[in-house]
Amino acid sequence: MNSYQVIYEVVRQIPRGQVATYGQVAGLAGLYGKARLVGYALYRVVDGDDVPWQRVVNAKGQVSESPFRNGSDDLQRSLLEAEGVVFSANGTIDLRRYRWQPDPTQFLPDIPVEG
DNA sequence: CCGTTGACGGCGA
DNA sequence: ATCGCCGCCAACG
């Protein structure tokens with residue numbers, strides 16, 4: 001079980017019409033502070049994979065734009081709007097309203113063991 | 001093997 | 001508030 005698999009498992013839990021941030025997913029996957037790894041994992045998702053990658057946005061509540069995405073950033077916004085997620089005029093999602101709040105009994109924190 | 005590269009995030013100026 | 005810097009680490013040449 002590599003890191004990507006764990007990341008994909010978490011993303012699969014995000015319900016339709018809700019979003020999570022990269023940092024949030026990292027934390028839930030036991031990868032606190034490694035938000036960038038989540039971005040890289042989602043970059044490698046190809047269509048056909050059963051991963052709702054569009055439901056992950058950055059900490060500002062915006063779709064992360066990049067020329068390397070080759071248009072998938074625009075697609076991401078469209079998919080979210082189709083799920084009922086509303087963007088403000090400046091392209092921001094109100095995280096207070098749409099952020100996913102996972103069942104705490106399903107995501108118990110990893111307790112580091114003293115070496 | 002090793003340097004570079006990002007779908008990130010937090011902090012300081 | 002906004003911008004830049006830097007730590008993060010797997011993938012790629």
Side-chain angles (χ1 to χ4, degrees):
Chain A
M1 197 66 138
N2 58 42
S3 298
Y4 284 9
Q5 298 294 333
V6 185
I7 289 169
Y8 296 146
E9 284 302 310
V10 172
V11 175
R12 269 191 271 264
Q13 310 299 315
I14 308 173
R16 180 185 174 81
Q18 295 191 287
V19 300
T21 65
Y22 295 94
Q24 183 182 359
V25 171
L28 292 170
L31 300 166
Y32 179 78
K34 303 174 187 173
R36 227 173 160 166
L37 189 56
V38 175
Y40 205 74
L42 294 182
Y43 175 77
R44 305 224 39 261
V45 171
V46 293
D47 52 273
D49 289 350
D50 182 29
V51 178
W53 54 270
Q54 73 273 21
R55 296 176 191 151
V56 184
V57 298
N58 65 30
K60 299 189 293 270
Q62 298 174 156
V63 168
S64 288
E65 297 180 33
S66 165
F68 289 91
R69 297 188 62 175
N70 198 239
S72 79
D73 37 9
D74 291 328
L75 174 61
Q76 179 172 6
R77 174 166 176 159
S78 299
L79 290 172
L80 286 176
E81 288 180 323
E83 295 184 0
V85 176
V86 177
F87 286 73
S88 66
N90 57 3
T92 303
I93 297 169
D94 185 353
L95 291 178
R96 290 180 305 176
R97 182 141 88 194
Y98 296 102
R99 187 200 287 273
W100 171 48
Q101 304 200 337
D103 178 358
T105 65
Q106 202 168 359
F107 290 90
L108 300 176
D110 288 353
I111 308 299
V113 184
E114 296 295 326

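Chain letters run A, B, ... following the sequence lines, proteins first, then strands; residues in each count from 1.
What separates OH of A:Y22 from C1' of C:dG7 is a distance of 19 Å, to the nearest Å. A:R44 places its CZ atom 7 Å from the C1' atom of C:dA11, with the value rounded to the nearest Å. In this entry the distance linking CG of A:N58 with C1' of B:dG10 reads 13 Å, nearest Å. Regarding A:Q62, its CD atom lies at a distance of 12 Å from the P atom of B:dC8, rounded to whole Å. In this structure, the CG atom of A:L28 is 16 Å from the C1' atom of B:dG9, given to the nearest Å. Per the geometry, OH belonging to A:Y43 stands 24 Å off P belonging to C:dC8, to the nearest Å. Distance CD1 (A:I7) to P (C:dA10): 10 Å, rounded to an integer number of Å. If you measure from atom CG of A:N2 to atom C1' of C:dC9, you get 13 Å, rounded to the nearest angstrom.
Panel note: side chain A:Q76, backbone A:Q54; a donor-acceptor pair is recorded below 3.5 Å. A donor-acceptor pair is defined here as one N or O able to donate and one able to accept, closer than 3.5 Å; such a pair exists between the side chain of A:Y8 and the backbone of A:A41.
For a distance-only test at 3.5 Å, the side chain of A:R36 fails to qualify as a donor-acceptor partner of the base of B:dG9.
Base pairing annotation: B:dC1 forms no Watson-Crick or G-U wobble pair, as no partner gives both donor-acceptor distances under 3.5 Å. When Watson-Crick and G-U wobble pairs are counted only if both distances are under 3.5 Å, C:dC8 pairs with no nucleotide at all.
At a threshold of 4.0 angstrom between heavy atoms, the contacts of A:S3 with the nucleic acid are absent. Backbone-only contact: A:L37 has heavy atoms under 4.0 Å from sugar-phosphate atoms and none from a base.
Counted within 6.0 Å of CG on A:N70, heavy atoms from surrounding residues, nucleotides or ligands total 12 or fewer; the atom is thus considered open. Taking a 6.0 Å sphere around CZ of A:R97, one finds it holds 12 or fewer heavy atoms contributed by other residues, nucleotides or ligands.
Proximity of A:S64 to the phosphate of B:dC8: a side-chain N or O atom is located under 4.0 Å from OP1 or OP2. For A:K34 and C:dC8, the shortest distance from a side-chain N or O to OP1 or OP2 is not below 4.0 Å.
DNA chain B is contacted by both A:F68 and A:K60; A:F68 maps to the nucleotide lying nearer its 5′ end (nearest heavy atom per residue). Between A:G33 and A:Y40, the residue anchored nearer the 5' end of DNA chain C, judged by the nucleotide with its closest heavy atom, is A:G33.
Between A:W100 and A:F107, the angle of the ring planes goes over 60°, which puts this pair in the perpendicular group of the 30/60° scheme.
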